[in-house]
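Quick note on labels: first sequence line is chain A, next is B, and so on, each numbered from 1.
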There are 2 protein chains.
Amino acid sequence: VTCRRPGFRGRLPITIADLGEFGLIAEIRSLLPAGPGQIVGIGDDAAVVRAPDQRVVATTDLLVEGRHFRREWSSAFDIGGKAAAQNLADVVAMGASPTALLVGLAAPGDLAVSWARDLVRGLGDEARRAGAAVVGGDVSSAESVVLAVTALGDLGGRDPVTRGGARPGDRVAVAGLLGRSAAGLALFEAGLAEPAELARRVGEAGGSAKAVIDIAKLIASHQRPRPPYAAGPEAASLGATSMIDISDGLLADLRHVTDASGVLIDVQTARLPDDAGLRLTGQLVGADPLTWVLTGGEDHALAATFPQDVRLPDRWRVIGSASDGEGVTVDSVFVDGPGGWRHFS
Amino acid sequence: VTCRRPGFRGRLPITIADLGEFGLIAEIRSLLPAGPGQIVGIGDDAAVVRAPDQRVVATTDLLVEGRHFRREWSSAFDIGGKAAAQNLADVVAMGASPTALLVGLAAPGDLAVSWARDLVRGLGDEARRAGAAVVGGDVSSAESVVLAVTALGDLGGRDPVTRGGARPGDRVAVAGLLGRSAAGLALFEAGLAEPAELARRVGEAGGSAKAVIDIAKLIASHQRPRPPYAAGPEAASLGATSMIDISDGLLADLRHVTDASGVLIDVQTARLPDDAGLRLTGQLVGADPLTWVLTGGEDHALAATFPQDVRLPDRWRVIGSASDGEGVTVDSVFVDGPGGWRHFS
């Protein structure tokens, strides 16, 4: 209703205002193949999606330009991928398999059609990685780009895994990456995201070509998280007692689990992954990599609690345990400060 | 993640930045009772909603301040109600019963908590009218207010009614109101939304007190649509061959039906409702009420096609018929112009 009517008269439509609302929707639709869960897709009043479990898992997130992403730091494809990933991760954190995405896109009329196209490709690509598809949405004009993504999922007969079921004695485990998006952000902020500059600085610091690659991967991690989608339903099948998508940082999100479950969780730093890229980046930008691991969000790893007797597959790394009490400790010391953590050296 | 941290220190939290993200979510949660379809509600990674039909209907809409609503023309309660209504209407237009809403709210940090509270009450109130509940959402800061609403629904064993099933010979019927939101908007634009001014002008025009009331109801219709929620599932049960939520205007939305179904639809103006409020308002602002009825959106009436032999309940008013061909005619004349209609007098 809100994009200007077609007015490009003879030249190629290069802005979304040139295309108009219905032209933009047709363009988006052409880029998105139907998924297995889709019964009615884009183009009707609403989509219809399979929900064989008779319960549907649903979550929504807003991404606002300048707050959640910057067009100068990330490609449209990566912004779409990240928007999809953070919603799909919330679905799997309940123990469900993603089925569908709905996407609201508000943008200035002068937004390039190519940018919108790449955004939609990124959304569709990430949906596909998680076994889902984009089935519907809405477009509107606005001063800046706002993305509203809703993800749906199916529990496949499993009980939903909430934040509230952790029990004293449970082991705490993580699947996926920690601290890598935060380290990537630090590289952007330090002006080291440009490959030539990064290589020069790593060389000056005595680092190898492999070090450059390890660090460059962190930049990619910030631009495009890779949540471990299969690990969510897997944890539910294994009998996880609680689970959460790590979006605000490991300690902050474990705090949501301890608050909801009424337990204390201790994280043992010796059990956290030793990540060469993080160590090198910490040296380069003068920061403590452990802070990124404990407080960095946006990697969308999963944290879950499991009864002692559950045999965990390799992708689940035990990093601590739950006990009677409340709050989160690191190596048995209570922590506070931003993100629930202040480095106490 | 994006609202400022609590900083009100001693005074009452009056802006959403004072409350902070988690404070605002807690406030929102306290205003929203659980609905019958809700298994897991606000406060976890995702909501879990009953989907007994094993298919879920899902739709999403963005509402952008200054484009879809004005804070100076509508109360927060009405904006919330309208945002909910337009999504719930899309769900019932598929023949489904609404079960849940998810709401993304982006807003400036200086937004009054009372405004956000009223918005949420409006959303919850309209959800309840439709038999649904708000089960989840997201909050973010932004330059202006953006609402992203997703509605879910259950088909209850009925086939989804798309836009594509109308057949030659079908009758075309409408449930709900037509043209009233557009007439209300015209009153705002003419500076007649203020009760005293409206009464004075109606008096000058020789109108009665009842006329003032009839017209004032149009202002309310613009601020808060009243979609006929029960009519959607009813139409599906009756065997409607196609259905659409009238959001862009009767003719424009019937055009979506004719395009998707491959039929021609003729609207007979003699069958359209005679609305005293619209007639009076047309005289007041110097406009043709028929234009509002044929092209006014936002009342969220439902238009559906039914086989000839279906006995229609009173709330469905037959306004025309489908036949071989394509496009939309009014009294057998093809129409064009804005919203598919130019008054051809």
A/Glu65 versus B/Glu143: any side-chain heavy-atom pair under 4.5 Å? no
Greatest number of non-hydrogen atom pairs under 4.5 angstrom with chain A, of B/Leu102, B/Val56, B/Asp53, falls to B/Val56
*asked:* Main chain of A/Asp44, side chain of B/Thr162: is a donor-acceptor contact present, judged purely on distance under 3.5 Å?
replied: no
The interface call for B/Leu155 against chain A, heavy-atom contacts under 4.5 Å, is side chain
Correct closest heavy-atom pair for B/Thr60 and A/Gly104 would be CG2-N, 4.4 Å
When the 4.5 angstrom heavy-atom criterion is applied to A/Val103 and chain B, the contacting part is backbone
For A/Ser140 and B/His68 the tightest heavy-atom approach is OG-CE1, 3.1 Å
Applying a strict 4.5 Å limit to non-hydrogen atoms, the region of B/Ile39 in contact with chain A is side chain
Scored by heavy-atom pairs under 4.5 Å with chain B, the best of A/Asp45, A/Thr59, A/Asn87 is A/Asp45
query = Are side-chain heavy atoms of B/Leu152 and A/Leu152 found at a separation under 4.5 Å?
reply = yes
Ranking B/Ala260, B/Ser144, B/Gly136, B/Ala93 by heavy-atom pairs under 4.5 Å to chain A gives rank one to B/Ala93
Nearest heavy-atom contact between B/Ala148 and A/Ala148 is CB-CB, 3.3 Å
Rounded to the nearest 0.5 angstrom, the CZ-CG distance for A/Phe22 and B/Asp248 is 5.0 Å
For A/Ser141 and B/Arg67 the tightest heavy-atom approach is OG-NE, 2.8 Å
Whatever's closer than 4.5 Å to a heavy atom in chain B on A/Val64 counts as side chain
Shortest non-hydrogen pair, B/Pro160 vs A/Val40, comes out as CG-CG2, 4.4 Å
Note: B/Gly43 and A/Arg163 closest approach over all heavy atoms is O-NH1, 3.5 Å
Pair count under 4.5 Å, heavy atoms only, with chain A: among B/Asp253, B/Ile244, B/Val91, highest is B/Ile244
Honestly, the part of B/Val49 sitting under 4.5 Å from a heavy atom of chain A is both
